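When reading the values below, keep in mind they use all heavy atoms of this one structure, side chains included, and skip hydrogens, waters and symmetry mates. The structure displayed is predicted, hence computed values, not measured ones. Order of the sequence lines fixes the chain letters, A, B, ..., with proteins taken first and strands second; residue numbering starts at 1 for each chain.
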Protein chains: 2
Amino acid sequence: MSHTLGIRQAQKQKTRQALLDAALGLLEEQSLSSLGLREVTRAVGVAPTAFYRHFRSTADLGVELVQEALGSLHPMIESTVTADGDSDERIVRTVELIARHVDAYPAHVRFIARERHGGVQPVREEIRRQLARFAEEVTVALAGHPESEGWSQDDLLMLAGLYVDQMLASACQFLEAREGAAEERDQVARMAAQRLRLISIGRHHWKS
Amino acid sequence: MSHTLGIRQAQKQKTRQALLDAALGLLEEQSLSSLGLREVTRAVGVAPTAFYRHFRSTADLGVELVQEALGSLHPMIESTVTADGDSDERIVRTVELIARHVDAYPAHVRFIARERHGGVQPVREEIRRQLARFAEEVTVALAGHPESEGWSQDDLLMLAGLYVDQMLASACQFLEAREGAAEERDQVARMAAQRLRLISIGRHHWKS
DNA sequence: AATTCCAGCGAACAGTTGTTAACTGCATGG
DNA sequence: CCATGCAGTTAACAACTGTTCGCTGGAATT
């Protein structure tokens with residue numbers, strides 16, 4: 001299926017990824033609007049001008065980072081929202097999944113949280129677009145559930161948006177509690193689960 | 001009560017406020033970590049070195065901006081959460097209040113949203129502290145309500161946090177819809193109200 | 001084997017940044 | 001009325017920024 005890349009293309013993609021990785025690392029302590037192109041190339045060990053072979057600007061690089069951070073997340077959302085089992089079990093499993101993801105890709109999560117309302121418009125818009133896609137996917141999944149009978153399309157979208165926002169908020173809290181004690185992380189997990197429980201209760205008594 | 005400031009102190013506070021205002025303006029199109037001190041003084045029309053008479057750094061200025069943006073908000077929160085009337089009425093009024101606030105102080109709201117997870121640690125911490133204060137105040141207010149009977153302290157704090165997060169999320173959405181049509185803002189208002197309704201329903205059926 | 005292509009390099013550019021130092025003029029307190 | 005305090009100034013600093021241009025070496029194509 002996939003044609004093996006030539007030495008040329010392979011090397012290019014390698015430095016390109018190195019630039020993305022270095023940028024992501026530098027962005028743990030600043031925001032994208034203050035990230036300099038020279039800063040990134042210096043971290044990789046490459047000439048400043050090499051940057052232009054891969055990205056038009058740091059904003060451009062930011063947009064690609066959004067896709068890297070969020071693009072691969074759709075299957076996870078899908079599997080979460082269509083999981084079976086008791087309601088409480090599903091909530092606990094979801095919260096665990098979030099915690100695990102934050103632990104596996106902390107820099108990605110931080111980047112999204114930081115740039116969602118950050119100073120670079122194209123990046124903001126890309127995040128917005130991706131999150132809207134999530135909300136849409138969750139909406140269709142919810143529409144399939146039998147509990148969603150009698151729900152209007154608008155209300156389903158409202159609920160989906162609430163879920164997506166909640167996921168992100170929980171991820172942020174896990175991130176903040178990351179350098180803290182294990183006890184603090186458990187506290188965050190409990191809180192996140194309780195929030196989802198309350199939303200779930202509200203959902204089951206909606207217009208009845 | 002308050003001693004009339006001398007000409008000296010008055011002039012100082014004037015340029016100090018001018019610096020804060022100019023910074024807030026510049027921060028509509030970038031984030032704090034990329035805000036230069038010279039940029040701010042240039043916007044005010046004052047020498048770069050004058051900056052140091054008021055702030056140690058731009059991060060310092062950021063912390064004070066947080067207090068300006070959030071400090072004056074406590075009475076509003078208080079009045080909202082202790083308001084009387086039907087549940088739906090209160091929700092609609094709350095959403096209206098948020099919309100009005102965003103319209104009156106868009107730059108402040110944008111600043112908080114942007115720097116809540118932004119690249120400057122002291123500012124992040126100050127916002128966190130202020131939001132925690134809000135959550136605490138809401139918690140006490142909720143504890144006074146008769147509907148909160150049987151609620152644990154932890155769950156009350158969870159609910160309060162959910163409310164605070166929800167307020168902020170709604171404020172952000174109003175902000176994003178600000179350059180859009182009036183119809184779009186109405187859509188946001190409806191969504192925000194529906195979210196609060198769902199949370200309210202969940203609250204009333206909590207552990208019963 | 002000869003030729004084209006192109007990722008990365010090195011040097012240079014004008015402009016910007018934060019920070020220091022020593023100053024000036026004016027409101028203030030004795 | 002005179003001496004002190006201090007908000008704001010001017011000048012200079014080394015360090016850094018994004019972007020340009022022409023170059024080079026080796027992979028890719030023919």
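Distance, L5(A) CG to dA7(C) C1': 15 Å, rounded to whole Å. Rounded to an integer number of Å, the gap from CZ of F55(B) to C1' of dG18(C) is 17 Å. For the pair L37(A) CG and dC16(D) P, the interatomic distance rounds to 15 Å; values are reported in whole Å. Separating the CD atom of Q11(A) from the P atom of dA28(D) is a distance of 11 Å, rounded to the nearest angstrom. Rounded to a whole Å, the CD atom of Q30(A) is 14 Å from the P atom of dC16(D). Atom CG in D60(B) sits roughly 12 Å away from atom P in dT19(C) (whole-Å rounding). Put simply, CD on Q9(B) is 14 Å from P on dA27(C), counting in whole angstrom units. Rounded to a whole Å, the CD atom of E39(B) is 6 Å from the P atom of dT17(C).
A donor-acceptor contact under 3.5 Å is formed by the side chain of T49(A) with the base of dG10(C).
Q173(B) and Q187(B) are not linked by any side-chain donor-acceptor pair at a separation below 3.5 angstrom, with hydrogens and angles left out of the test.
Side-chain contact between T15(B) and V46(B) is absent, with no heavy atoms from C-beta onward closer than 4.5 Å.
In terms of phosphate contacts, R8(B) brings no side-chain nitrogen or oxygen within less than 4.0 Å of OP1 or OP2 of dG8(D). For dG8(D), one of the phosphate oxygens OP1 or OP2 lies less than 4.0 angstrom from a side-chain nitrogen or oxygen of T15(B).
Between R93(B) and D88(B) no salt bridge is recorded (no basic side-chain N to carboxylate O distance below 4.0 Å). Taking a cutoff of 4.0 Å between a charged side-chain nitrogen and a carboxylate oxygen, D84(A) and R90(A) do not qualify as a salt bridge. Ionic pairing of R178(A) and D103(A) is present here: one or more N-O contacts between side-chain nitrogen and carboxylate oxygen are shorter than 4.0 angstrom.
Counting non-hydrogen atoms under 4.0 angstrom, R42(B) reaches the backbone sugars and phosphates but no base. Within 4.0 Å of R56(B), counting heavy atoms only, lies no atom of the nucleic acid at all.
Judged by closest nucleotide on DNA chain D, R16(B) is the one of R53(A) and R16(B) placed further toward the 5' end. With DNA chain C read from its 5' end, the first of the two nearest nucleotides for R38(A) and V46(A) is the one closest to V46(A). Nearer to the 5' terminus of DNA chain C, by closest-nucleotide assignment, is the contact made by Y52(B) (compared with the other of Y52(B) and I7(B)).
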